[in-house]
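Below, chains carry the letters A, B, ... as their sequence lines are ordered, and counting in each starts from 1.
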Amino acid sequence: MNFKFDFVGKRKLFFILSATILLIGIASLLLQGLNLGVDFVSGSRVDINIGPDFDMEKGKAALEELGYDNPNIRKAGNQRELLVFRTDESLDREKVNAIRDQFQKEFGKQVAVNEQTVDPIVGRELARNALISVLIASVGIILYVTLRFEYRFAMAAVAALFHDALFVIGMFSLFQWEVDLVFVAAVLTIVGYSVNDTIVIFDRIRENFEADKPKRWEELVETVNRSLRETLVRSLNTGLTVIFAAVALLVFGGESIRFFSLALVLGLIAGIYSSIFIASQIWITWKWKSMEREKRKASTVTE
Amino acid sequence: MKVRKGRFILFCLLVIAILATVAATSMDIARGITLGLDLQGGFEVLYEAKPLEKGQPINEQVLSDASKAVSQRIDVLGVTEPQISVEGQDRIRVQLAGVDDPDRAREILGTPAVLTFRAPDGETILMRGTDLAQGGSRLDYDENGRPVVSVKFKDSKKFADLTKEYLGQPVPIYLDENELSSPVIQNVISNGQAQISGNFTPEEAQELADLLNAGALPVQLDEIQSFAVDSSLGAASLQQSLVAGLYGIAIIFIFIIGYYRLPGFVAVITLITYGYLVLLTFNLLHVTLTLPGIAAFILGIGMAVDANIIMYERIKDEMRLGKSVASANKSGSRRSFLTIFDANVTTIIAAGVLFYFGTAGVRGFAVSLIVGIVVSFLAAVALSRILLGLLVRSGLFRRPGWYGVKEDEIGEL
């Protein structure tokens, strides 16, 4: 490979870039929070399949006639054939049937209705479980990587993992995309992929580190840079193939998994970026500090 | 190295055998997979069990009885293979995939039935479903061969008093406010065993017996979450996901053969095997395939591709160092093994945690992911090594160009 990019030398740039994006995400989370789907807040979501490119105003009028003032509705589906109606109120069977009947009357044909209702207890429980899951998974990953590698690799890998998860959550907050139950699955997949990707790079760094035995900062930088160059093609190729699959899901997968696929695509991109530009840079910064400390200790002992 | 045509022929036979098996059986295997209700439509409801009487414990046994009663109630609906699972301390989740009539399912399931035996006025409640012995009602036949319903009460004294007081009068049985039957007390019954006769067909008698058993439910079930998917929407989702999957896989195949040449072709064979084995595992383990499950399946392809790419990149590295194709293949696949192993174990840890703490939908996803990783490890590591090994050792493909390595790259490092 003739292309020699100095990954480590530009690490401050990457740290600043990531910090900026993450801070924007955190600010958005604090200011406007997440657009929680019905899995997390009490209420109902009704998907009404009316047919390709129906008249939105007619749908709105139909709901207003039933007493839902200024209803929260949007169009969805590949042929824009779905009307998605969201309400904080838990709709009971009679109300859903009333909606179905109203739309049948209004549009003069059989309409398919898909309804979800959630109690906030379940939503709160889900959110808490998801957070606990990530924390426990992190501990498990830290233990395993510490056992097989060293704890600095483990901490850097987990830092990258939180970077990726936080990036996706932040973006979902910033653009107010709907967060539902499968979003949790998406974030956890991202976590799994992120670690997978980081470990492969760390594996190479460890191997080269043991072979090179770098003593000076320049040598350490060269070891890490070379490891990143050596694994770069693999990182990009694997990332690309997984992204192909995720993009295919996003484009062709249909409305019900749109946000799931979107989260996956964003997370995969963040995962590739953080493995190359963040995780290794955290490790080298930390590693160098401890190497210096040891050197100082060694020199005081010889004195 | 000599040319060994035998190995190449063995390689071809293996590939043909794999492709033939996949072509011949994959449709049947795919058809045998249970689809989740998000893919075929249906109705799901989550209940919270609450004690009917104060101080009554809600424990595993009670929940299990309640599940049985719910299952009996579903049998009344004639749904095939309902999934009923106890979740947490006090939850029962019921999934009815493919119900034709979600409204009726909602009606029977969505309103926890309260069974009462009432005075002839139809108002005063004499006994409740909980006075019935658990599972003590069944279809029977009287001496004339007519269908009757046998019932058994827990407290024979209480029932004896009731029959004494209302001898010769009807004691209607209500499910909520619907009168199920109105048997007339024929004689005083002291042993707690009674027969309800009427002009039943065997089916009607069976349904009444089932409802009485369900009514003997020791707990009250409150619906705390429900989820209904119209079957046409479910079918559309399945169709879209499958199409998406096919496009994604096609792009991956083209990319990987274009980039890795001969090993890329091996990768495609292992990916087809991966897909086949995952479907087979889903079929054998009766995993219910859901939308997130399909996503996990496609992501698993990514993991399998990764294993192949890690190995091929390693082999290419070794070739660039000037090693022969054969020794590069050997050391490359050996040295990539632990990397792939470590990367997969960390993902399995994440998926395992997801399974352990997740709820129904997320669990299906976690199972798919774990199956995907394990199978990809077998297909992408073991099979890929065998196939590539055969090709390399056949001696027919000695030019590095077959492996995507340019001549001028060799020895550069």
What is the minimum heavy-atom distance between B:Y312 and B:A267, and which atoms define it?
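Nearest heavy atoms, B:Y312 then B:A267: OH-N, 3.5 Å.
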
For chain A, which candidate among [options] shows the most heavy-atom pairs at distances under 4.5 Å?
options                        : value
B:V305, B:I310, B:I373         : B:I310
B:N344, B:I301, B:I349, B:I340 : B:I349
B:T339, B:L242, B:L246, B:N308 : B:T339

So what's closer than 4.5 Å to chain B heavy atoms on [X]: side chain, backbone, both or neither?
X      : value
A:R148 : side chain
A:F202 : neither
A:V145 : side chain
A:L240 : side chain

Could you look at B:Y260 and say if it's the side chain, the backbone, both or neither that has a heavy atom under 4.5 Å from chain A?
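Answer is side chain: those atoms of B:Y260 sit under 4.5 Å from chain A.
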
So, does A:T241 use its side chain to make a donor-acceptor pair with the main chain of B:I256 at under 3.5 Å?
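Such a contact is absent between A:T241 side chain and B:I256 backbone.
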
Is the side chain of B:S384 donor-acceptor paired with the backbone N or O of B:V381 at a distance under 3.5 Å, no angle test?
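No; zero donor-acceptor contacts below 3.5 Å.
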
OG1 of B:T346 to CG of A:D197, rounded to nearest 0.5 Å, is 10.5 Å

Which label fits B:F337 and B:F341: parallel for a plane angle under 30°, tilted from 30 to 60°, or perpendicular past 60°?
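Ring orientation, 0 to 90° scale: parallel.
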
Name the option with the most non-hydrogen atom pairs under 4.5 Å to chain B; the candidates are A:D203, A:N237, A:I243.
A:N237

Can you confirm whether or not the ring centre of A:F244 sits under 6.0 Å from the ring centre of B:F255?
yes

List for me each residue that meets salt bridge (charged side-chain N to carboxylate O under 4.0 Å, His left out) alongside B:R314, sequence neighbours excluded, and say none if there are none.
A:E207

